[in-house]
Amino acid sequence: MKVIVCGAGIAGLALTSRLATLGHEVVVLERSPGPRRQGYMMDFFGPGYDAADAMGVLPAIREAAYPIEEATLVDQRGRRRAGLPYHQVRDAVGGRLCSLMRPDLERVLRDSLPDSVDLRFGAALTGIDDDGDRVTATLHDGTRLEAELLVGADGIHSTVRRLVFGGESEFLRYLGFHSAAFVFDAPGIRDACAGRFVLTDTVGRQMGFYALRDGAVAAFAVHRTDDPALPDDIRGSIAEEYRGLGWVVPQALELCPPSDEIYYDQVAQIEMPRWSSGRVTLLGDACYAVSLLAGQGASLAIAGAYVLASHLHDAPSIPEALAGYERQWRPMVLEKQESGRAAARWFLPESALALQVRRTVLRFADLPVVNRFIGRLIAGKTTALTAAAAAGDDRARRRLTPIVRAAFRAPIWLYDHGLGWLLGRRFVCLTHTGRRSGRRYRTVLEVVGHRGSEYFVVAGFGRKADWYRNVTADPDVRFAVGRHDFTGHVRLPDDDEAAAIIADYEHRNRWVTPVVRAALSWLLGWRYDGSPEARARMVDELPVVALSAA
């Protein structure tokens with residue numbers, strides 16, 4: 001398959017790396033004349049961390065990272081008022097976090113590209129023609145490129161989105177902030193910030209500083225404004241907006257580089273009812289920007305790219321791949337966007353009272369309850385499903401503890417020793433054939449329903465579970481229930497039938513409803529409340545399978 005990727009940022013490079021590694025032909029179009037130097041320091045964690053691990057680029061990312069000990073709030077004289085030790089954030093995500101500059105992450109991804117990739121800088125897109133079978137991209141110089149799929153990974157101000165889906169104003173949700181980032185040389189400021197992210201403890205506007213390993217300092221700035229319009233004179237606007245903050249800010253403003261060397265943009269989110277149209281789809285900030293203050297834009301970009309690449313590689317057709325990508329990834333994005341809006345309110349207080357509340361919370365950050373609250377607020381939820389979605393395989397299952405894995409395999413031991421009848425009709429031992437190896441495997445599954453000669457089970461680890469993929473590839477199976485062995489085949493109930501089966505299962509187990517819903521919530525990675533809407537979403541993510549005896 002040939003794919004055109006528009007945008008050589010984090011999302012586009014991650015998708016290109018993965019697709020090319022899987023053997024697909026990829027052309028990358030980037031309108032900038034070369035790799036962008038502008039950017040900011042960011043914390044990298046969450047599903048993208050798992051995806052980067054699966055892609056093999058995590059060691060290089062960690063090598064490019066900076067050791068950060070604390071996020072420190074200081075007054076106008078540089079005196080520490082409060083701080084958040086970074087080990088708390090790392091602990092909240094199981095140690096899987098690192099801090100690095102955005103250009104460094106792009107460099108790592110760019111270096112991971114196979115030689116087969118056609119990466120073109122200075123290639124601005126001006127037109128897209130989708131005839132249903134092929135898609136053609138027209139560039140500013142008149143060049144026309146054809147492919148089976150075009151992916152817009154060109155950021156929050158996406159050209160692909162504008163050309164195919166509509167104007168930016170239809171999808172952009174402005175959050176009431178502007179942000180800026182730039183790099184400058186100042187040995188004194190660098191020494192004062194070594195090992196820390198130092199922020200001014202101020203209302204409505206804030207500047208922060210990191211020390212870089214090349215002797216420079218990275219500055220980050222954010223302020224509240226009701227006007228989403230960007231200033232014509234970026235450097236002058238920054239100097240005017242942030243003067244008076246004290247400490248080292250006046251010196252940093254004097255050393256601020258020219259406007260074309262500054263990252264400056266709105267803090268906003270992109271909300272779209274659909275991410276694909278025909279043979280064009282969107283990825284990353286182009287369709288689901290969570291905002292700079294949400295802290296997981298890069299993570300979602302890489303994880304989303306991995307998920308999209310997996311669907312494109314595995315699905316029988318491009319429309320099915322794009323539908324599967326959106327179905328799997330949209331719930332994660334919506335959750336992170338909601339978390340991002342909450343984090344924005346906490347990150348930059350809008351009143352002196354809110355500032356004092358934040359300061360007080362951070363002073364008690366070592367208390368367990370406060371620690372968990374802060375970690376959850378910053379990191380969001382990390383679930384088994386998140387890991388599985390990011391890695392596109394059974395990573396969640398492989399992360400189960402040895403004790404839990406042994407418990408899952410205990411029923412097979414009973415069947416091996418002729419004691420399967422002890423489990424009654426509550427479990428089925430399924431024998432299935434490996435779709436690649438041709439080997440025979442066995443999996444014990446809970447029976448959630450029984451009707452005539454059919455037994456219903458659920459793919460608890462989703463459509464990527466090995467046994468589910470095996471039986472959908474070869475529906476002829478053997479299975480044992482209690483004392484009886486059957487030769488039969490697999491049938492996949494439609495959504496309405498599957499939802500009815502789960503509803504009946506919940507009704508029959510109503511005396512342990514909290515346990516049932518807690519187990520389903522753990523498998524799904526989101527709170528399952530038993531409502532019709534939640535049940536419909538559940539059977540879409542964890543499909544019901546009917547084992548029919550011949």
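What's counted below: heavy atoms across the whole structure, side chains too, no hydrogens, waters or symmetry copies. Just so we're clear, the structure is a prediction, and the values are computed from it rather than from any experiment.
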Between [atom1] of [X] and [atom2] of [Y], what distance do you get to the nearest 0.5 Å?
X    : Y    : atom1 : atom2 : answer
Y306 : R18  : OH    : CZ    : 3.5 Å
L283 : S158 : CG    : OG    : 10.5 Å
L19  : S310 : CG    : OG    : 9.0 Å
I234 : D265 : CD1   : CG    : 9.0 Å
L13  : L119 : CG    : CG    : 7.0 Å
R62  : F44  : CZ    : CZ    : 11.5 Å

Say whether, by atom type as modelled, one donor and one acceptor occur between the side chain of [X] and the main chain of [Y] under 3.5 angstrom.
X    : Y    : value
S291 : V267 : no
R463 : R469 : no
Q38  : D260 : yes
T21  : S17  : yes
S276 : T281 : no
E320 : A315 : no
E148 : K2   : yes
R213 : A64  : yes
E170 : M272 : no
Q269 : V290 : yes

Min side-chain heavy-atom separation [X]-[Y] under 4.5 Å:
X    : Y    : result
R36  : Y263 : no
L430 : V457 : no
L109 : I10  : yes
L145 : R120 : yes
L322 : L308 : yes
F479 : L445 : no
H178 : L230 : yes
Q266 : L172 : yes

Could you give me the CA-CA distance, side-chain angles and deciding distance for R535 and Y528, then say whether side chain to side chain contact (heavy atoms under 4.5 Å, CB included) is met? CA-CA 8 Å; R535 194 173 296 121; Y528 176 77; 3.4 Å; yes

Show the numbers, then the answer: is there a side chain to side chain contact (heavy atoms under 4.5 Å, CB included) between F456 and R491? CA-CA 9 Å; F456 301 102; R491 181 177 68 86; 3.8 Å; yes

Counting only heavy atoms not in R107, do more than 12 fall under 6.0 Å of its CZ?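 Above 12, so yes.
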
Applying ring pair (Phe, Tyr, Trp, His ring centres under 6.0 Å), name anything that partners Y66, two or more places apart in sequence or on another chain.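 Per chain and number, Y66 pairs via ring pair (Phe, Tyr, Trp, His ring centres under 6.0 Å) with no residue.
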
Please name the pair of heavy atoms, one in [X] and one in [Y], separated by the smallest distance, quoted to 0.1 Å.
X    : Y    : value
L125 : C6   : CD2-SG, 3.9 Å
R31  : H157 : NH2-O, 4.4 Å
A52  : I302 : N-CG2, 4.2 Å
A60  : V108 : CB-CG1, 3.7 Å
L542 : G460 : CD2-O, 3.5 Å
A309 : L22  : O-CD1, 4.1 Å

Donor-acceptor contacts, no H, no angles, side chain residues 97-104, under 3.5 Å, sequence neighbours left out:
residue, atom, partner, partner atom, Å
S99, OG, D43, OD1, 2.6
R102, NH1, Y40, OH, 3.3

Would you call the rings of W275 and Y325 parallel, tilted or perpendicular, taking 30° and 60° as the class edges?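 Judged by the thresholds at 30° and 60°, the geometry between W275 and Y325 is tilted.
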
Salt bridge present between R161 and E168 (N-O < 4.0 angstrom):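 Yes, this pair counts.
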
Does R110 come within less than 4.0 Å of E30, counting only side-chain N to carboxylate O?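 Salt bridge absent between R110 and E30.
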
Just by distance, with hydrogens left out, do T138 and R144 show a side-chain donor and acceptor under 3.5 Å apart?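 Result is yes, a qualifying pair exists.
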
Any side-chain donor near an acceptor of the partner, R439 and T433, under 3.5 Å: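 On atom types as modelled, these side chains do not qualify, holding no pair under 3.5 Å.
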
Side chain to side chain contact (heavy atoms under 4.5 Å, CB included) between H311 and W329, intermediate numbers included: CA-CA 11 Å; H311 282 282; W329 201 233; over 6 Å; no

Apply side chain to side chain contact (heavy atoms under 4.5 Å, CB included) to the pair E497 and D494, showing each step before the final yes or no. CA-CA 5 Å; E497 183 185 2; D494 62 28; 3.3 Å; yes

